[in-house]
2 protein chains.
Amino acid sequence: MPTLSEVARHAGVTPATVSNVLRNRGRVGEATRQRVLEAVDALGYRPHLAARALAEGRAPTLALMVSSIANPFYPEFALAVERAARTSGHFVIICNTNEDPVTGRAYLDQIAGTLSEGVLVTNANLELADLHVTESRGTPVVLCMWERPDDPPGLPCVAVDFRLAGELAGKHLLELGHRRIGAIVGSKASGVHATRYEGFVDALRAAGVRRNRVRHAADTIHGGYTAARALLEADPQLTAIFATNDLPALGAMHAAADLGLAVPGDLSVVGITDIQLARESRPALTTVAVPTVEVAGLAVSLLRELIESSYGQNARGKTKVPMRVSSAPQLVVRASSGTPRSR
Amino acid sequence: MPTLSEVARHAGVTPATVSNVLRNRGRVGEATRQRVLEAVDALGYRPHLAARALAEGRAPTLALMVSSIANPFYPEFALAVERAARTSGHFVIICNTNEDPVTGRAYLDQIAGTLSEGVLVTNANLELADLHVTESRGTPVVLCMWERPDDPPGLPCVAVDFRLAGELAGKHLLELGHRRIGAIVGSKASGVHATRYEGFVDALRAAGVRRNRVRHAADTIHGGYTAARALLEADPQLTAIFATNDLPALGAMHAAADLGLAVPGDLSVVGITDIQLARESRPALTTVAVPTVEVAGLAVSLLRELIESSYGQNARGKTKVPMRVSSAPQLVVRASSGTPRSR
DNA sequence: TTGAAAGCGCTAACAC
DNA sequence: GTGTTAGCGCTTTCAA
């Protein structure tokens, strides 16, 4: 691979000039500019990103921490993040923690600040403490899907009103006339879905519905399947199931199928997120859509701001911890929910 | 972030010694070794990956080119690649080409050789010519899912016998008694699925079945859905549909559902790959499994070898272009295929 | 066993 | 406008 100096020699100028041409810095004569450009593609020169990073004191990538890329939500989100990141010339390194805090920390330790100049975190089972460490070492961190706009995490974040999401799901079911509704709450361990469930319960309570069955489940189709069967076994009179995420909701539909229950005839199902699969399931899933692309955009631009200001003189400005709030989740009614019929 | 020299100063030695300790190179006295190690974690030192890359003349990442991370096969594959890559200390940068050769080339130009020391390519709609260019510039490239073990692409690759996969699918359907079988062939543009279809046709031919309907489709659920409807409309007597990939197969099942056809009672459906969703659909999809994890492992280790030897003195050894062949695809019978019943 | 010195490819002051 | 000079943080001969 040709280097800057080789290009310079070829063009009969110094490396500095080539650098200036390539990044439109400093004044360069039109003639030399041409000569340099010719040399560049005569030699097929491409800048060495690692060298540039070292010289600039910054890195060309952003790290995206995800708990499991096998969960289809994350690829969707990652795609949106990548698109946003490319607009500022950043590459994205996707770091799979596999729900393991140790792996997560290892990634942070190795990448943050040396390969990546910023870190985006989804529900990656990372300890907030670890994130604070990276941040205190100078690498900005943004939490991407904070669930409670009203309860900041102490780190920069993009929040989504997930309580509202749960509430909308609950209201929808109530309006259809459901009263015996089961709930599947995901991600028990980290407790991230608690807020969604709260919103749901609030809706029921407001409608005077007091009792409802709950089951925790892994955030997978299978988890939802198992939970739904348990729910339906405990109370065969259930006419609807609400899940705090789409994957378990999809699992609930499978459970219904296996039990010979028609959806939505015998059982309505509602999820949260609106992943691609929700549109593609049969019947298509009614869900509360989260503005994924918007969140990705907000997260990247917030991270970018933090990065820029971290290089600025006011790096120790230590103002308030910023938070962006996405637009509100929205109910998307599809075919999996309907009026209850007695069985 | 503390640097090597700061650690050195702190430990009362020179940078060279610290480096030696950290990488177990050269002889270092046990006493100093201890002192260095203490200094390292007293200061929370972490090596600067970009600096190291520059000094070593190699990069810490591998690039994985994929056409669309939204297609659930790729995250699964990426996960396996990432796991394999971590064993050699590599990070993985996932490069989404979005089926666009220009984007693909842009990624290659920027990353290959400067951020990544090797490139893994799945069906990313990249021109082979572009790949040859990167390779000729010194960055090893491995094609990950070559479809024809008997017809090498001229680049290092991991091949899977996809002709056999198609054949197995065809045979399975024939053995169940199907004779009127429709086929959905994906990725028309790149023609990558032609081999799979050939295998399928060979199976039919061997059984004396001459005619069969075909439809091309995008490699998505929706693509399969549309194609299946067209197929079924053209020939309502079809008792089975074979798709060259799981996603379109899933789409075919949806089409059946919408047309009021029971799967597998009225229509059997078979795919190829065995992605996670194949197990999770209702009914679960019969498919020919491709050894994804194995392929990822083979690809990464082949790439690693190429990288090592590219740094060796025999870099211009120019022996034969290596190819690895994965173990054979295997039929996985699930619930979407069964004996045809007349309608 | 440890230190000194050069250099990886690039950028950024500053001088000419 | 263009060249000179350091130097980013690390590795790696080669001396001591």
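So you know, we letter chains A, B, ... as the sequences are listed, proteins then strands, and number each from 1.
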Out of [options], whichever nucleotide has its closest atom nearest the side chain of [X]:
X: V28(A); options: dT1(C), dT2(D), dG9(D); answer: dT2(D)
X: A55(B); options: dG7(C), dG3(C), dC10(C); answer: dG7(C)
X: V13(B); options: dG9(D), dG3(C), dT11(D); answer: dG3(C)
X: E56(B); options: dC10(D), dT11(D), dC8(D); answer: dT11(D)
X: L4(B); options: dT11(D), dG9(C), dA13(C); answer: dT11(D)
X: R27(A); options: dG9(C), dG1(D), dC10(D); answer: dG1(D)

Does [X] place a side-chain N or O at less than 4.0 Å from the phosphate oxygens OP1/OP2 of [N]?
X: R25(B); N: dT12(D); result: yes
X: R52(A); N: dT11(C); result: yes
X: T17(A); N: dT2(D); result: no
X: S19(B); N: dT11(D); result: yes
X: T32(B); N: dT2(C); result: yes
X: R23(A); N: dA12(C); result: yes
X: T3(A); N: dG9(C); result: no

Whole angstrom is fine here: how far is it from [atom1] in [X] over to [atom2] in [N]?
X: Y311(A); N: dC8(D); atom1: OH; atom2: P; answer: 16 Å
X: L49(B); N: dC8(D); atom1: CG; atom2: P; answer: 19 Å
X: L22(A); N: dG9(C); atom1: CG; atom2: C1'; answer: 13 Å
X: R35(A); N: dT2(D); atom1: CZ; atom2: P; answer: 8 Å
X: R9(A); N: dT2(D); atom1: CZ; atom2: C1'; answer: 18 Å
X: R33(A); N: dG1(D); atom1: CZ; atom2: P; answer: 12 Å
X: M1(A); N: dC10(C); atom1: CE; atom2: C1'; answer: 12 Å
X: N20(A); N: dC14(C); atom1: CG; atom2: C1'; answer: 12 Å

Looking just at side-chain N and O atoms, do [X] and [Y] make a donor-acceptor pair shorter than 3.5 Å?
X: Q34(A); Y: E38(A); value: no
X: E76(B); Y: T292(B); value: no
X: T97(B); Y: T103(B); value: no
X: T17(B); Y: R35(B); value: no

Next item on the list: Have a look at G57(A) and say if it touches a base, only the backbone sugar-phosphate, or nothing, with a 4.0 Å heavy-atom cut-off.
Entry: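 Nothing: the residue G57(A), judged by heavy atoms under 4.0 Å, touches no strand.
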
Next item on the list: Keeping the roles fixed (side chain from W146(A), backbone from D151(A)), state whether a donor-acceptor pair exists under 3.5 Å.
Entry: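 Such a contact is found between W146(A) side chain and D151(A) backbone.
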
Check: Between P15(B) and A8(B), what is the shortest heavy-atom contact and its length?
Finding: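 Residues P15(B) and A8(B), closest heavy atoms: N-CB, 3.5 Å.
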
Check: Taking for each residue the nucleotide of DNA chain C with the nearest heavy atom, is it L54(B) or A31(B) whose nucleotide lies nearer the 5' end?
Finding: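 Result: A31(B).
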
Notebook entry, point to check: S5(A) or G29(B): which one's nearest nucleotide on DNA chain C is closer to the 5' end?
Noted result: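 Its nearest nucleotide being more 5', the pick is G29(B).
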
